[in-house]
Enquirer: 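One structure coming up, written as structure tokens, with questions to follow.
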Amino acid sequence: MATTYAAAAKKGTVLVSGASIAGPAVAYWLHRYGFAVTVVEKAPGMRGGGYPIDVRGTALEVIRRMGLLPQLQEAHVETRLLTFLDTDGSTVASAHPQSVMGGVEGTDLEVRRGDLTNVLYGAVADDVEFVFDDSVDTLTQHAHGVDVTFRSGTHRSFDLVVGADGLHSRTREIVFGPEQQFHHHLGYCFAGFTMRNVLGLSHEGVLWNTIGRTAALYAVRDSDEVHGLLVFARPEPLYDAFRDPAAQRDLVAATFAGDGWEVPTMVAAMRDADDLFFDVVSQIRQPRWTNGRVALVGDAAAAPSFLTGQGSSLALVGAYMLAGTLATHRDHTAAFAAYERETRGFVELNQARVGVGDATLCPTTAEALARRNERLRGLTTLPPQPGRPEHSALTLPAVAA
Ligand SMILES: Cc1cc2nc3c(=O)[nH]c(=O)nc-3n(C[C@H](O)[C@H](O)[C@H](O)COP(=O)(O)OP(=O)(O)OC[C@H]3O[C@@H](n4cnc5c(N)ncnc54)[C@H](O)[C@@H]3O)c2cc1C
């Protein structure tokens, strides 16, 4: 804990649950505005891993205002080629990633998720109290604050609590009720993990498809390791599998059993991976992100799903908006109302674009796959697409004085 921590308490104390993207980002801005911040993370340390993620549009401006743009430009992955393969392993098309996904070449950033979390953590680690390997057990709100009990048995009180604990947010569950009522399943599950670069890929991604299943290998620069991604159609969300890594591995292996190309090697690597990240492809849509003295941000409030490629960008923008409204409004009630009013339109616009990615990544019928392949063949002759308007659809208010 840094010396500035006690002095900062004059604005109030805030507990942030979750230390991935939204958590450290909101902690950074709250500290900068004079709040004393504690971040609790259930993992024993900052969690690395995860597929490379995009930071675009309005979120880039948040990063610039945090002074982190040079570090993230340094970490930029610069994928040069995406190659799509048919079920028999033959090439359907190769194209520049921005022809497929849309984006602004030379401006948008693509960084390894772990690089982004490390840069964000580095920006606040000296100024904010981090408590790892613990989590919120109960929250009791009253007129003057929130009493919190932690899994470790500790009791503490804070003026405000921010839930930045992801798609399956415990904060949301405690304050708003079961996840099921806000969970909109988009019909897929995915497993991401690191594995050996068996194909010698460099600065590129290769995606193999069959009906309802996708296997992708993604090489960040030149490395002995690549990111493996196995995506499969699954009409119902798998609530039970969220908590059982062994069941996740068995399910993925059974789903891809008998498939060709590099899939058997990938499944074997997935079984051994120590950084497996398994989840549903779902959105969180809820009418309110705040209740009393508790606010949600990032995936906890409004996960857009990785099909939009906007999860981290929404987390960064949401963090900026939430902290900014707390810094500029007379009390948390007015601030939370402004946070919802000023941020929701941007978030919902980005959530609404989900159909586009869906059709490209993992078509679920033979007709849809054939149509997707036809479209990709056409893309190879097109220049990169411009950035999508929804990525920049919010003009950030100035940094509070
Ligand atoms: C290890 C990891 C790998 C990921 N890989 C991918 C990927 O490959 N593709 C993809 O699309 N998205 C991935 N994501 C999700 C992606 O980071 C988010 O969709 C997006 O960046 C929004 O970030 P967030 O901070 O709101 O939520 P998240 O990144 O989900 O972070 C939530 C954080 O809260 C912590 N947490 C959860 N519950 C509690 C609790 N009860 N108490 C305290 N802490 C808690 C988690 O450990 C995590 O650090 C990954 C997330 C993690 C944590």
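If you read the sequence from its start, that first residue is 1, and numbering goes on from there. All ligand and atom numbering here is 1-based and tracks the order in the structure.
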Enquirer: Give the residue and atom name of whichever protein heavy atom lies nearest to atom 28 (P) of ligand 1, and the separation in Å to one decimal.
Expert: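 Going atom by atom, the protein heavy atom closest to atom 28 (P) of ligand 1 ends up being S20 OG, 3.6 Å.
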Enquirer: Would you say A22 has any N or O atom under 3.5 Å from an N or O of ligand 1, going by distance alone?
Expert: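 Yes: some nitrogen or oxygen of A22 is under 3.5 Å from one in ligand 1.
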Enquirer: For G298, take its heavy atoms, then give the atoms of ligand 1 lying under 4.0 Å from any of them.
Expert: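 Listed by number with element: 26 (O).
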Enquirer: So which bit of S305 gets within less than 4.0 Å of ligand 1, heavy atoms only: side chain, backbone, both or neither?
Expert: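 Under 4.0 Å from ligand 1, S305 contributes no heavy atoms.
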Enquirer: Looking only at protein heavy atoms, identify the closest one to atom 18 (C) of ligand 1 and say how far it is in Å.
Expert: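 Result: D299 OD2, 3.2 Å.
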Enquirer: Can you confirm whether or not the ring centre of F130 sits under 6.0 Å from the ring centre of F132?
Expert: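 That pair passes the under 6.0 Å test.
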Enquirer: What atoms of ligand 1 come within less than 4.0 Å of a heavy atom belonging to A164?
Expert: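 Checking each atom against A164, I get 32 (C), 33 (C), 34 (O).
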Enquirer: Are the side chain of R271 and the backbone of M266 linked by a donor-acceptor contact shorter than 3.5 Å?
Expert: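 No: the side chain of R271 does not pair with the backbone of M266.
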Enquirer: With respect to S135, determine whether any N or O atom, backbone or side chain, lies less than 3.5 Å from an N or O atom of ligand 1.
Expert: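 N/O-N/O distance below 3.5 Å does not exist for this pair.
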Enquirer: Only distances under 3.5 Å count here; give the side-chain donor-acceptor pairs of residues 40-53 to other protein atoms, sequence neighbours excluded, each with its distance to 0.1 Å.
Expert:
from: E41; atom 1: OE1; to: A19; atom 2: N; distance (Å): 2.8
from: E41; atom 1: OE2; to: A43; atom 2: N; distance (Å): 2.9

Enquirer: Using a heavy-atom cut-off of under 4.0 Å, does the side chain or the backbone of R170 touch ligand 1, or both, or neither?
Expert: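 For R170, the contact with ligand 1 is made by the side chain alone.
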Enquirer: Looking only at protein heavy atoms, which one is nearest to atom 21 (O) of ligand 1, and what is the separation?
Expert: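 It is S312 OG, 2.9 Å.
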Enquirer: For ligand 1, note which part of V40 has a heavy atom under 4.0 Å away: side chain, backbone, both or neither.
Expert: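 Backbone only.
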Enquirer: Ligand 1 versus K42, non-hydrogen atoms closer than 4.0 Å: side chain, backbone, both, neither?
Expert: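 Both the backbone and the side chain of K42 come within reach of ligand 1.
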Enquirer: If we ignore hydrogens and angles and just use 3.5 Å, is the side chain of D331 paired with the main-chain N or O of A334 as donor and acceptor?
Expert: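 Side chain of D331 to backbone of A334: a pair is present.
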Enquirer: Which residue holds the protein heavy atom closest to atom 37 (C) of ligand 1, what is that atom called, and what is the gap in Å?
Expert: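 Result for atom 37 (C) of ligand 1: D165 O, 3.4 Å.
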Enquirer: Do R371 and E374 sit within salt-bridge range, that is, some charged N less than 4.0 Å from a carboxylate O?
Expert: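 Looking at R371 and E374, the cut-off is not met.
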Enquirer: For residues F306 and F190, establish whether the separation of their ring centroids is below 6.0 Å.
Expert: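 Judged by ring-centre distance (under 6.0 Å), F306 and F190 do meet the cut-off.
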Enquirer: Going by distance alone, is a donor N or O of one side chain under 3.5 Å from an acceptor N or O of the other, for H76 and E110?
Expert: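 Side chains of H76 and E110: no pair found under 3.5 Å.
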Enquirer: Identify the closest protein heavy atom to atom 53 (C) of ligand 1: which residue and atom is it, and at what distance?
Expert: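 That would be R113 NH2, 3.2 Å.
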Enquirer: Between R234 and Y188, is a side-chain hydrogen bond (donor to acceptor under 3.5 Å, both in side chains) present by the stated rule, with each step listed?
Expert: CA-CA 5 Å; R234 184 87 191 188; Y188 300 97; over 6 Å; no
Enquirer: Any atom of ligand 1 sitting under 4.0 Å from a heavy atom of G192?
Expert: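 Contact absent.
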Enquirer: Just jot down the ligand 1 atoms closer than 4.0 angstrom to any heavy atom of G48, in number order.
Expert: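 Taking each heavy atom of G48 in turn, ligand 1 has 1 (C) under 4.0 Å.
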Enquirer: To the nearest 0.5 Å, what is the distance between CZ (R288) and CZ (F182)?
Expert: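 Answer for the CZ-CZ pair, R288 versus F182, is 11.0 Å.
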Enquirer: Could you tell me the separation between the OH atom of Y28 and the OH atom of Y33, rounded to the nearest 0.5 Å?
Expert: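 Answer rounded to 0.5 Å: 9.0 Å.
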Enquirer: So if I count the atoms of ligand 1 from 1 in the order they appear, which ones are less than 4.0 Å from some heavy atom of G166?
Expert: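 Selected atoms, number and element: 27 (O), 30 (O), 32 (C).
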Enquirer: Do me a favour and list the nearest non-hydrogen protein atom to atom 11 (O) of ligand 1 with residue, atom name and distance?
Expert: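 Atom 11 (O) of ligand 1 sits closest to the protein heavy atom F306 CB, 2.8 Å.
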Enquirer: Indicate, as side chain, backbone, both or neither, the part of A43 found under 4.0 angstrom from ligand 1 when only non-hydrogen atoms are considered.
Expert: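 Neither; nothing of A43 gets under 4.0 Å from ligand 1.
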Enquirer: Look up atom CD in Q351 and atom NE2 in H184, then write down how far apart they are to the nearest 0.5 Å.
Expert: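 Answer rounded to 0.5 Å: 9.0 Å.
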Enquirer: Within the 4.0 Å heavy-atom shell around Y51, which atoms of ligand 1 are there?
Expert: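 The list of qualifying atoms is 7 (C), 8 (O).
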Enquirer: May I ask you to say whether R249 pairs ionically with D272, meaning some side-chain N is under 4.0 Å from a carboxylate O?
Expert: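 No, R249 and D272 are not salt-bridged.
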Enquirer: Write out the residue and atom name of the closest protein heavy atom to atom 12 (N) of ligand 1, then the distance separating them to 0.1 Å.
Expert: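 For atom 12 (N) of ligand 1, the nearest protein heavy atom is F277 CE2, 4.4 Å.
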Enquirer: Could you tell me whether some N/O pair between I21 and ligand 1 is separated by less than 3.5 angstrom?
Expert: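 Yes: some nitrogen or oxygen of I21 is under 3.5 Å from one in ligand 1.
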Enquirer: Does a salt bridge link R196 with D224, judged by any charged N lying under 4.0 Å from a carboxylate O?
Expert: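 Here R196 does not pair with D224 in a salt bridge, since their nearest N and O are not under 4.0 Å apart.
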Enquirer: What protein heavy atom sits nearest atom 47 (O) of ligand 1, and how far off is it?
Expert: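 The closest one turns out to be E41 OE2, 2.7 Å.
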Enquirer: Do any N or O atoms from the side chain of T365 and from the backbone of A368 form a donor-acceptor pair under 3.5 angstrom?
Expert: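 Yes.
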Enquirer: So is D134 polar-close to ligand 1, meaning N/O to N/O under 3.5 Å?
Expert: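 N/O-N/O distance below 3.5 Å does not exist for this pair.
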